[in-house]
S.K.: 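Please find one structure pasted underneath; my questions will follow.
In what follows, every chain begins at residue 1, and chains take the letters A, B, ... in the order their sequences are listed.
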There are 2 protein chains.
Amino acid sequence: MENSLQARPDLTKNQSLVMGALAQANAPLSAYTILDQLRDHGFRAPLQVYRALDKLVEFGLVHRLECLNAFVACRHPECEAQEIIAFTICEACGQVGEISDDSLARRIKKVAKETGFQSKKSTVELRGICQACHAI
Amino acid sequence: MENSLQARPDLTKNQSLVMGALAQANAPLSAYTILDQLRDHGFRAPLQVYRALDKLVEFGLVHRLECLNAFVACRHPECEAQEIIAFTICEACGQVGEISDDSLARRIKKVAKETGFQSKKSTVELRGICQACHAI
DNA sequence: GCAATTATGTAATTGTATAACGTATATCAA
DNA sequence: TTGATATACGTTATACAATTACATAATTGC
């Protein structure tokens, strides 16, 4: 457990089910929505979902969107490498995009450092209208 | 109501009480913590707090921290001018700092625009250790 | 005064997340 | 093979966060 950047471990049954639900949806899902979708597979309680989500987030396979209290499957197969990811959340269609821009990451780090702050974890979430919806 | 950038209106009794609780604390407070602190002043239900908070956030006097489900009094008397504010949240002492850096704001806007995303509202929250706590 | 708007009070409910149990399963060293 | 440890799982209850619905006051503008 010395490195949080582990090769993707085999998922347990519950983790696979939750991952599957998120991968199929192309929008974020709340824990309780996932629970409802998995009742047929034997899920009965929120904790089953939350425990799986905790692990999936730890593995870097799932992201948590703070401003929605919801979760999305990661789009970048290798996104664990990215330290700072910005999420774009479309308020029309609900789709979430991931932006990992080095210059943005560097600037955030720099701005924080200027005030003496040592950043461990960042949340960058933009809400607005995506390109596709704006074209309509 | 044509301009959200209004001169600070007089606060109502409930709004003043909630604002006072937040101003006195030098860390974010949850709505329910505020409720408990104001029970002596006649507060009985969460909605009284949430309604006041909604207005205070609208006035730009209070910020909501998504990753904490909590609220802080704004430090910048004139921060309404800032479009994008980054918050630094110290995991040791709980203090919250506000960073309004133009270059950061511009870069976020730019990065979003490159993907065709029209950003309306942004959340930038950094968790880590503040200068004071790091010195200890 | 009267209408419209805004603020308030209260109860009930919905949504989100964790605590505290106990049990099962896998892994590994002795 | 046994026992120790760690991890995963199942269930219930509870805590925490936010909103819906409805009734009542207070304020504002005409």
Side-chain angles (χ1 to χ4, degrees), chain A residues 1-4 6-22 25 27-59 61-72 94 123 125 127, chain B residues 1-2 4 6-22 25 27-59 61-72 94 123 125:
Chain A
M1 206 189 304
E2 65 289 346
N3 193 345
S4 70
Q6 49 217 106
R8 178 213 283 216
D10 289 337
L11 300 182
T12 67
K13 184 176 153 238
N14 283 4
Q15 288 161 15
S16 296
L17 286 166
V18 170
M19 190 67 214
L22 284 170
L29 299 180
S30 78
Y32 279 71
T33 302
I34 296 172
L35 173 59
D36 284 338
Q37 290 191 9
L38 294 181
R39 284 198 192 278
D40 294 342
H41 295 272
F43 273 53
R44 320 280 322 260
L47 204 47
Q48 294 172 290
V49 179
Y50 281 109
R51 285 202 272 232
L53 285 171
D54 281 350
K55 285 296 175 188
L56 293 171
V57 168
E58 187 185 321
F59 299 155
L61 298 173
V62 166
H63 298 297
R64 166 147 210 232
L65 298 173
E66 303 287 352
C67 73
L68 297 182
N69 291 332
F71 301 82
V72 279
T123 300
E125 297 173 2
R127 303 182 65 152
Chain B
M1 207 189 302
E2 65 291 346
S4 70
Q6 49 218 109
R8 177 213 284 217
D10 289 337
L11 300 182
T12 67
K13 185 178 154 236
N14 283 4
Q15 288 161 16
S16 295
L17 286 166
V18 170
M19 190 67 215
L22 284 170
L29 299 180
S30 77
Y32 279 70
T33 302
I34 295 172
L35 173 59
D36 285 338
Q37 289 190 9
L38 295 181
R39 284 197 193 278
D40 295 342
H41 295 272
F43 274 53
R44 320 279 323 259
L47 199 50
Q48 294 173 290
V49 179
Y50 282 109
R51 284 203 274 231
L53 285 171
D54 281 350
K55 284 296 175 188
L56 293 171
V57 168
E58 187 185 322
F59 298 155
L61 299 173
V62 166
H63 299 297
R64 164 144 214 243
L65 297 173
E66 303 287 351
C67 73
L68 296 182
N69 291 331
F71 302 81
V72 280
T123 300
E125 297 173 2

S.K.: Whole Å only: how far is the CG atom of Asp10(B) from the P atom of dT6(C)?
M.R.: 16 Å

S.K.: Nearest-Å distance, CG (Asp36(A)) to P (dT14(C))?
M.R.: 13 Å

S.K.: Roughly how far, to the nearest 0.5 Å, is CD1 of Ile34(B) from CG of Leu17(B)?
M.R.: 11.0 Å

S.K.: At less than 4.0 Å, is any side-chain N or O atom of Gln48(B) found next to OP1 or OP2 of dG9(C)? Yes or no.
M.R.: yes

S.K.: Has Thr33(B) got a side-chain atom pairing as donor or acceptor with Leu29(B)'s backbone, closer than 3.5 angstrom?
M.R.: no

S.K.: If only atom types and distance count, is the side chain of Gln15(A) paired as donor or acceptor with the main-chain N or O of Thr12(A) below 3.5 Å?
M.R.: yes

S.K.: Round to the nearest Å and state the distance from Glu66(B) atom CD to dC16(D) atom P.
M.R.: 20 Å

S.K.: For Arg51(B), give me all partners under salt bridge (Lys or Arg N to Asp or Glu O under 4.0 Å), at least two apart in sequence or on another chain.
M.R.: none

S.K.: Once rounded to the nearest 0.5 Å, what's the spacing between atom NE2 of His41(A) and atom CD of Gln48(A)?
M.R.: 13.0 Å

S.K.: Between dA7(C), dT12(D), dG9(C), which nucleotide has the shortest distance from any of its atoms to the side chain of Lys55(B)?
M.R.: dA7(C)

S.K.: Any chance you could encode DNA chain C as dot-bracket? Rule is Watson-Crick or G-U wobble with both distances under 3.5 Å; [ ] for pairs crossing earlier ones, | for another strand.
M.R.: ||||||||||||||||||||||||||||||

S.K.: How long is the span from the CD atom in Gln37(B) to the CZ atom in Phe43(B), to the nearest 0.5 Å?
M.R.: 11.5 Å

S.K.: Please give, in whole Å, the distance from dT8(C) P to Leu11(B) CG?
M.R.: 10 Å

S.K.: Taking Glu125(A) for the side chain and Leu65(A) for the main chain, is one N or O donor matched with an acceptor at less than 3.5 Å?
M.R.: no

S.K.: His41(B) NE2 to dG9(C) C1': how many Å, rounded?
M.R.: 18 Å

S.K.: Can you measure Leu35(A) atom CG to dT14(C) atom C1' for me and round it to whole angstrom units?
M.R.: 15 Å

S.K.: Quick one: Asn14(A) CG to dT7(D) P, roughly how many Å, whole number?
M.R.: 17 Å

S.K.: Any side-chain N or O of Lys13(B) less than 4.0 Å from the OP1 or OP2 oxygen of dT8(C)?
M.R.: no

S.K.: Is there a side-chain contact between Thr12(A) and the phosphate of dT7(D), meaning an N or O under 4.0 Å from OP1 or OP2?
M.R.: no

S.K.: Rounded to the nearest 0.5 Å, what's the gap from NE2 on His63(A) to OG1 on Thr123(A)? Could you check?
M.R.: 12.0 Å

S.K.: When the distance from CZ of Phe43(B) to C1' of dA18(D) is rounded to whole Å, what number comes out?
M.R.: 16 Å

S.K.: How does protein reach along nucleotides 15-20 of chain C, written 5' to 3' as B (base within reach of a heavy atom under 4.0 Å), S (only sugar-phosphate), or - (no contact)?
M.R.: -BBBBB

S.K.: Using 0.5 Å steps for rounding, measure from the CG atom of Leu56(B) to the OG atom of Ser16(B).
M.R.: 8.5 Å

